[in-house]
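Input: a single structure, listed below in structure tokens.
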Amino acid sequence: MGLLAGLFYGYACSVMPGLGRAEDRTLIDAMQQINVAIENPVFFLTFLGAPLLVLWALVIEWQSGSREVLRWIVAALVLYAITFVVTFAFNIPLNDDLDHAGDPARIADLARVRDDFLGPWVAWNIVRTVALAASFGCLVRALFLHARPEVT
């Protein structure tokens with residue numbers, strides 16, 4: 001979760017503001033290339049593996065019986081679910097629309113393509129960044145609660 005939060009945070013505070021300052025054609029071309037590059041085994045392993053590891057932690061914690069820790073793990077999964085839904089309902093369709101716009105050298109209205117993509121994509125990326133950061137925070141809290149010594 002921390003890796004994903006950091007990735008999306010990096011987009012939110014550097015990649016997208018930087019591309020936002022670029023010319024329309026540059027932004028469109030760069031994002032089309034980034035969208036191709038991010039579809040790789042390392043990203044998919046992280047994006048899909050993180051919730052699987054959290055589910056595994058949930059099962060282990062369920063067996064140990066700590067309901068307080070379980071609540072934090074469930075909260076982390078819910079927050080990840082928000083990220084998953086936002087990614088598939090908003091960011092990926094925006095990426096697909098950008099890809100379907102075609103070669104930036106042949107797009108007649110670059111400004112429209114840019115405007116249709118940039119604002120909504122950035123807004124939804126912030127939503128998923130906040131959700132992932134909160135998810136990571138929940139997992140950190142669960143870890144501290146799990147690791148604290150039991151009082152007898």
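Just so it is clear, the model here is predicted, and its values are computed rather than measured. Below, each value reflects all heavy atoms present in this structure, side chains not excepted, and no hydrogens, waters or symmetry copies. Numbers here are sequence positions counted from 1.
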Considering non-hydrogen atoms only, spot the tightest contact between Leu19 and Ala30 and give its length. CD2-CB, 3.6 Å
Applying side-chain hydrogen bond (donor to acceptor under 3.5 Å, both in side chains) to Thr129 and not counting sequence neighbours gives none
Donor-acceptor list for residues 97-107 side chains, cut-off 3.5 Å, not counting sequence neighbours:
{"from": "His100", "atom 1": "ND1", "to": "Asp96", "atom 2": "O", "distance (Å)": "2.9"}
{"from": "Asp103", "atom 1": "OD1", "to": "Ala105", "atom 2": "N", "distance (Å)": "2.9"}
{"from": "Asp103", "atom 1": "OD2", "to": "Arg106", "atom 2": "NH1", "distance (Å)": "3.3"}

Are Leu45 and Phe88 linked, directly or through other ILVMFWY residues, by side chains that come within less than 4.5 angstrom of each other? no
Linking Ile, Leu, Val, Met, Phe, Trp and Tyr through side-chain heavy atoms less than 4.5 Å apart, which residues share a cluster with Leu53? Trp56, Ile60
Hey, could you give me the CZ/CE distance between Phe117 and Met31, rounded to the nearest 0.5 Å? 3.5 Å
Under the rule for side-chain hydrogen bond (donor to acceptor under 3.5 Å, both in side chains), what residues qualify as partners of Glu61, not counting sequence neighbours? Ser64, His146
Who are the salt bridge (charged side-chain N to carboxylate O under 4.0 Å, His left out) partners of Asp29, not counting sequence neighbours? none
Rounded to the nearest 0.5 Å, what separates atom CG in Leu27 from atom CD in Glu23? 11.0 Å
Hey, can you pull the donor-acceptor pairs under 3.5 Å for the side chains in residues 65-72, sequence neighbours left out?
{"from": "Ser66", "atom 1": "OG", "to": "Val69", "atom 2": "N", "distance (Å)": "3.4"}
{"from": "Glu68", "atom 1": "OE1", "to": "Arg148", "atom 2": "NH2", "distance (Å)": "3.1"}

Hits for side-chain contact (heavy atoms from CB on, under 4.5 Å) against Val74, two or more places apart or cross-chain, chain-then-number order -> Leu58, Val78
Check for me, please, whether Val15 and Leu3 land in the same ILVMFWY cluster - side-chain distances under 4.5 Å, paths through other members count. no
In chain order, what residues pass the side-chain contact (heavy atoms from CB on, under 4.5 Å) check against Val122, with sequence neighbours excluded? Met16, Leu118, Ile126
Using side-chain hydrogen bond (donor to acceptor under 3.5 Å, both in side chains) as the criterion, list what pairs up with Arg114, not counting sequence neighbours. Asp24
Are Leu143 and Leu4 co-members of a hydrophobic cluster defined by side-chain heavy atoms under 4.5 Å apart? no
Can you name the residues that form a side-chain contact (heavy atoms from CB on, under 4.5 Å) with Val140, not counting sequence neighbours? Phe136, Phe144
Using every non-hydrogen atom in the two residues, find where Thr83 and Leu132 come nearest and quote the distance to one decimal. OG1-CG, 3.4 Å
Considering non-hydrogen atoms only, spot the tightest contact between Ala75 and Cys138 and give its length. CB-SG, 3.8 Å
Spell out, yes or no, whether Val59 and Leu48 are grouped together once hydrophobic residues are joined by side-chain heavy atoms under 4.5 Å, including indirect joins. no
Scan for ring-ring contact (aromatic ring centres under 6.0 Å, His included) pairs involving residues 1-38, sequence neighbours excluded, and state none if there are none. Tyr11-Trp121
Any donor-acceptor pair under 3.5 Å linking the side chain of Asn40 with the backbone of Ala37? yes
Let me confirm one number: the CD1-OG1 distance from Ile82 to Thr87, rounded to the nearest 0.5 Å. 11.5 Å
Which heavy-atom pair separates Asn35 from Ile38 by the least distance, and what is that distance? O-CG2, 3.6 Å
For Phe43, which residues count as a ring pair (Phe, Tyr, Trp, His ring centres under 6.0 Å) partner, sequence neighbours excluded? Phe47
CG-CZ distance between Leu77 and Phe84, expressed to the nearest 0.5 angstrom: 12.5 Å
Would you please test Val85 and Phe90 for side chain to side chain contact (heavy atoms under 4.5 Å, CB included) and show each step? CA-CA 8 Å; Val85 168; Phe90 300 105; 5.6 Å; no
